[in-house]
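Sequence positions, counted from 1, serve as the residue numbers for this chain.
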Amino acid sequence: MKKTFLLMAITTAGVSFGQGKMQYPQTKKGETVDVYFDTKVSDPYRWLEDDKSAETGAWVKAENDVTYDYLNKIPFREELKKRMETLWNYEKIGAPSKEGKFTYYSKNNGLQNQSVVYRKDENGKEEVFLDPNTFSKDGTTSLGGLDFSEDGNKAAYAISEGGSDWRKVIIIDVLSKKVLEDTLVDVKFSGVSWHGNEGFYYSSYDKPKGSELSAKTDQHKLYFHKLGTSQKDDKVIFGADKKRRYVGGYVTEDNRYLVITAANSTYGNELYIKDLTKANSPIITIVDNFDSDNSIIANQDNKLFIETDFNAPNKRIVTVDVANPKPVNWKDFIKETKDILSPSTGAGYIFANYTKDAVSFVQQYDYNGKLVREIKLPAVGTAGGFSGKKDDKILYYSFTNYTTPGSIYSLEPKSGKSEVYQKPKVDFKSEDYESKQVFYTSKDGTKVPMIITYKKGTKLDGKNPTILYGYGGFNISLTPSFSIANAVWMENGGVYAVANLRGGGEYGKKWHDAGTKLQKQNVFDDFIAAAEYLIAQKYTSSDYLAIRGGSNGGLLVGATMTQRPDLMKVALPAVGVMDMLRYNAFTAGAGWAFDYGTAQDSKEMFEYLKGYSPVHNVKQGTHYPATMVTTGDHDDRVVPAHSFKFASELQEKQTGENPVLIRIDVKAGHGAGKSVAATIQENVDIQAFTLYNMGFKALPKK
């Protein structure tokens with residue numbers, strides 16, 4: 001049976017390009033049936049969940065053969081790639097950080113697959129400290145983190161292989177760059193937080209049974225690694241007694257306290273603290289439930305500064321004495337406002353970075369709660385950073401928007417003086433483009449913001465190729481940022497629109513909650529209404545509209561295209577959560593239940609999920625838009641089986657000539673750490689596929 005399938009999958013992988021309905025690999029169908037509350041649900045492509053099987057591997061190859069045969073015949077694909085590479089090829093420098101006797105920063109000369117970590121000594125002499133391009137020959141091993149001991153003489157850096165969320169941690173002597181001890185393995189969803197110079201805290205799961213890329217992981221633990229000892233002797237600090245899906249630990253800057261956070265979902269966390277100056281000190285509970293998001297952002301001796309949305313949906317900062325840290329004793333330091341707070345600290349100040357209608361404004365406070373000033377930003381857009389050590393004299397922040405490449409600014413917090421530190425030299429004329437924020441009306445009357453960016457003078461005749469992008473989940477805000485890929489799209493006459501859907505964090509907890517569980521349909525309705533607005537205002541039409549999103553945004557695209565296949569010409573779901581009945585069966589997927597709910601919760605929740613789950617709503621005989629699903633074979637965040645199943649359903653049931661392709665990056669994960677070459681090629685293929693299926697035979701420069 002297996003040999004027959006392998007042969008069949010490979011021999012039918014041809015494609016009739018531009019000659020009617022495409023031929024796809026024959027994907028076998030199994031007979032798996034699950035029962036939810038007396039309802040039988042078939043899962044014919046369950047076998048594609050086995051990422052270790054030869055059958056799945058053969059299917060991946062066969063599908064990629066079809067996809068690349070199609071893409072290779074698009075006449076302007078190479079021209080598009082050359083322009084993308086040209087525009088991408090500029091020097092990128094990260095903000096510097098002082099550690100011990102050296103100043104460290106990242107730099108990419110333009111097209112290097114991975115950015116290189118450089119350092120300068122006290123005399124300004126520059127040298128390479130870490131070059132991730134040497135980690136692997138094909139650029140698929142990336143740097144996943146770099147943290148220094150208190151004196152700056154030792155460093156621990158994490159690497160990701162093939163895009164996996166699993167990390168290895170390597171400890172080196174900073175001066176000689178020599179490895180000091182055995183590599184730590186199986187570290188996941190974790191930073192590294194040093195306690196002085198003796199060792200560091202990190203988090204991980206026990207190695208799962210079966211495939212480490214898809215098997216369920218649900219008990220996270222916090223460990224302490226003492227330098228010079230074996231990882232097997234690392235002590236569990238928190239998480240051994242009770243299952244929690246996400247556990248983190250970090251040491252305050254003065255090395256006095258260990259802060260511990262624990263959560264079972266992507267919203268809401270317990271908060272604990274431990275005094276590291278006292279031997280065998282107990283772990284003290286601050287918050288004992290999962291009803292709010294809480295983190296300690298700073299301390300002054302015994303006084304804690306806590307960022308929280310407890311009784312403050314838009315967030316506030318409170319203070320409390322560590323001796324009596326329960327919420328009943330919290331006092332407002334920076335009160336909640338109508339705008340969304342995201343604070344940072346550095347140079348002895350607290351910076352309140354607010355999001356107002358999806359753009360930034362920043363206020364600087366001292367530790368007495370006095371407003372020092374509002375930071376004047378270069379323009380309307382997104383600012384980030386404003387963080388550093390308490391004794392830093394200069395801090396750095398980034399600024400960007402949809403037409404402005406990301407620049408870094410230096411700030412002297414004492415005087416308020418700010419100036420350009422690094423401005424990239426990009427071959428793109430920002431002044432020729434404009435962004436317009438609109439507020440459109442969703443199905444239930446809710447006003448939703450959207451920013452539309454395009455070349456000045458664009459004629460609103462309904463014929464502009466347009467990408468509508470969205471996410472709408474997990475309290476994540478989509479704020480303006482520059483993208484080389486989007487710049488190329490706009491150079492070719494394209495319109496780029498980003499809708500700030502419910503489920504995101506643009507307007508705080510209420511906005512987030514309005515797009516979760518039994519209200520998830522609001523997110524899809526918001527996205528559909530955004531598309532209808534763009535069409536009604538003649539930015540585009542259904543013949544020239546593409547919808548795009550990744551991860552939770554891939555679910556957004558999958559649900560939207562199955563509910564309204566008539567609305568768009570092209571659908572581009574990336575690394576999407578497509579099987580809403582089984583997402584919680586893989587890796588850390590169960591932690592997404594706050595946003596989604598699970599099919600096991602109740603009959604009502606099961607029926608609601610099944611009602612929009614993309615895999616379960618592909619209907620026979622429907623004209624679906626031209627679709628290119630994208631994923632990575634090493635994605636252990638949203639396992640590729642989601643995309644495999646969705647593509648298989650579409651290929652079987654599609655009516656008409658619109659192609660349904662799945663592009664599967666090999667040795668790639670959910671997106672983080674992907675090489676520049678792979679990133680460029682993926683964006684080229686997405687844009688080439690989109691324009692070609694809108695009827696363009698050449699790049700539509702305007």
Going by distance alone, is a donor N or O of one side chain under 3.5 Å from an acceptor N or O of the other, for [X] and [Y]?
X      : Y      : answer
Asn584 : Gln600 : yes
Ser342 : Asn353 : no
Asp173 : Ser176 : yes
Arg256 : Asn302 : yes
Asn552 : Asp595 : no
Thr516 : Gln519 : no
Tyr202 : Asp147 : no
Thr479 : Thr382 : yes
Asp121 : Asn123 : no

[X] bridged to [Y] by N-O distance under 4.0 Å:
X      : Y      : value
Glu307 : Lys315 : yes
Arg582 : Glu49  : yes
Lys107 : Glu126 : yes

Does [X] have any salt bridge (Lys or Arg N to Asp or Glu O under 4.0 Å) partners at least two apart in sequence or in another chain, and if so, which?
X      : answer
Lys393 : none
Asp513 : Lys509
Lys221 : Asp206

*What residue pairs, at least two apart or across chains, pass salt bridge (charged side-chain N to carboxylate O under 4.0 Å, His left out) with a residue in residues 94-105?*
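Qualifying pairs: Glu99-Lys389.
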*Would you verify whether the NZ or CZ of Arg119 falls within 45 degrees of the ring axis of Phe102 while also being under 6.0 Å from that six-membered ring's centre?*
yes
Is the distance between the ring centroids of [X] and [Y] under 6.0 Å?
X      : Y      : value
Tyr397 : Phe351 : no
Tyr583 : Tyr596 : yes
Tyr421 : Tyr409 : no

All N/O donor-acceptor pairs, side-chain side in residues 326-340, below 3.5 Å, sequence neighbours left out:
| residue | atom | partner | partner atom | Å |
| --- | --- | --- | --- | --- |
| Asn329 | ND2 | Asn324 | O | 3.0 |
| Trp330 | NE1 | Pro325 | O | 2.9 |
| Asp332 | OD1 | Arg316 | NH1 | 2.6 |
| Glu336 | OE2 | Asn314 | N | 2.9 |
| Thr337 | OG1 | Asp339 | N | 3.1 |
| Thr337 | OG1 | Asp339 | O | 3.2 |

Please report, to 0.1 Å, the donor-acceptor pairs under 3.5 Å made by any side chain of residues 222-229, with sequence neighbours excluded.
| residue | atom | partner | partner atom | Å |
| --- | --- | --- | --- | --- |
| His225 | ND1 | Asp234 | OD1 | 2.8 |
| His225 | ND1 | Asp234 | OD2 | 3.2 |
| His225 | NE2 | Glu181 | OE2 | 2.5 |
| Thr229 | OG1 | Lys226 | O | 2.6 |

